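See below for the structure under consideration.
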Amino acid sequence: MKTIDLRSDTVTRPTPAMQAAMLAAPLGDDVFGDDPTVNLLQDSLAERLGFEAGLFCPTGTQSNLIALMTHCQRGDEYIVGQEAHCYKWEAGGAAVLGSIQPQPLDNARDGSIPLERIAAAIKPDDVHYARTRLLALENTIGGKLLPQDYVDAAVALAHGRGLQCHLDGARFFNAVVASQQPGEVLIQTERRLIAGFDSVSICLSKGLGAPGGSVLLGRKDFIAQARRWRKMVGGGMRQAGVLAAGGLYALEHHVARLADDHANARLLAESLAGVPGLQVDAGPTNMVFLHVAAEQAQALVEHLKAQQVLATGLYTLRLVTHLDVSQDDVRRVAQVVRAFFER
Ligand SMILES: *Cc1c(COP(=O)(O)O)cnc(C)c1O
């Protein structure tokens, strides 16, 4: 029986076609700026999203760290959501390695940080305070889409107060595909969602299915400084084009198909609706959350595992659909979950 791994969309393996693209990629030493495949990835993604330049990084964590360190100097601060990856899930790197103070604010249920909280947290120019330099948003956040009106207003507020704006767009293309309006071509949706941000970090290794790598995008001078920080934090890779080729392949072939992952998540949520003892919460992208009684959660994880379905969570189980999960897999998962509650 096939193991269905729903722990994250990071578990995808490169497809045979992606592997072939990786093996065929022309390579060079990227620390010298000589890897043609890395350069193509950086330049083409920057152009696609309307930025001047890009920087290939080993991970999304490092790409966010480099962005924070480039926007903020020692003694500066960034405003960020309590639930944000670049505050909560990156081992405190900005504070530890960057001497940057986070100013975390509670996220609303939809993942936004209310504008009045942002406005109130921006410090005046006074020796008592850290210098507020940056607003960091995340889209998608917890599988949810930030409302676009909100994003536009938050970016305008931040810029109006002299702050820069960074988007942790680890799953930016999930947001894009879920936001596409009828009659809108994908690139228009991409440009609409990214408008106004000074930098964005995009993971190639999640739903897009590449084995590794993230790209940081921004202005030319920003990326030049970011390249220096990347070297310092140990992210200068040599023939990194092997990885970048997987990313290029993914950007060409795996963006539109994210709609399949979203449809599979929706199918899973619908198949589980109304199961007694189970509360299902699904956003418009590729994540389904199962809220169960505390004493049941571990037993459910074990039950799933015995049926070769992998999930994570303590009180809330997170099931993530991706490239290596089919519609039939999702049906099987729904049966296995139902069986737990119906026994
Ligand atoms: C996964 C993720 C990251 C970090 O990416 P890694 O490649 O795992 O370091 C950053 N931000 C968000 C929102 C993520 O989901």
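Both ligands and their constituent atoms are indexed starting at 1 by order of listing. Nothing fancy with the numbering, it's 1 onward along the sequence. What you see is a predicted model; the values in this text were computed from it and never measured.
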By the side chain to side chain donor-acceptor pair (under 3.5 Å) test, which pairs, at least two apart or in different chains, include something from residues 247-258?
Arg257-Asp261
Side chain to side chain donor-acceptor pair (under 3.5 Å) pairs, two or more places apart, involving residues 90-100
Asn64-Glu90, His85-Glu90
Looking at Phe197, Tyr78, Phe222, which one forms a ring pair (Phe, Tyr, Trp, His ring centres under 6.0 Å) with His71?
Phe222
Take Gln225 and Met69 through the side-chain contact (heavy atoms from CB on, under 4.5 Å) test and state the conclusion after the steps.
CA-CA 9 Å; Gln225 182 59 42; Met69 290 175 74; over 6 Å; no
What does the list of residues with a heavy atom under 4.0 Å from ligand 1 look like, ordered by chain and number?
Thr59, Gly60, Thr61, Asn64, His85, Glu90, Glu138, Asp168, Ala170, Arg171, Cys203, Lys206
Residue list, side-chain hydrogen bond (donor to acceptor under 3.5 Å, both in side chains) with Ser8, at least two apart or on another chain:
Thr10
Criterion side-chain contact (heavy atoms from CB on, under 4.5 Å) on Gln82 and Leu105, from CA distance to verdict:
CA-CA 5 Å; Gln82 285 281 1; Leu105 299 174; 5.9 Å; no
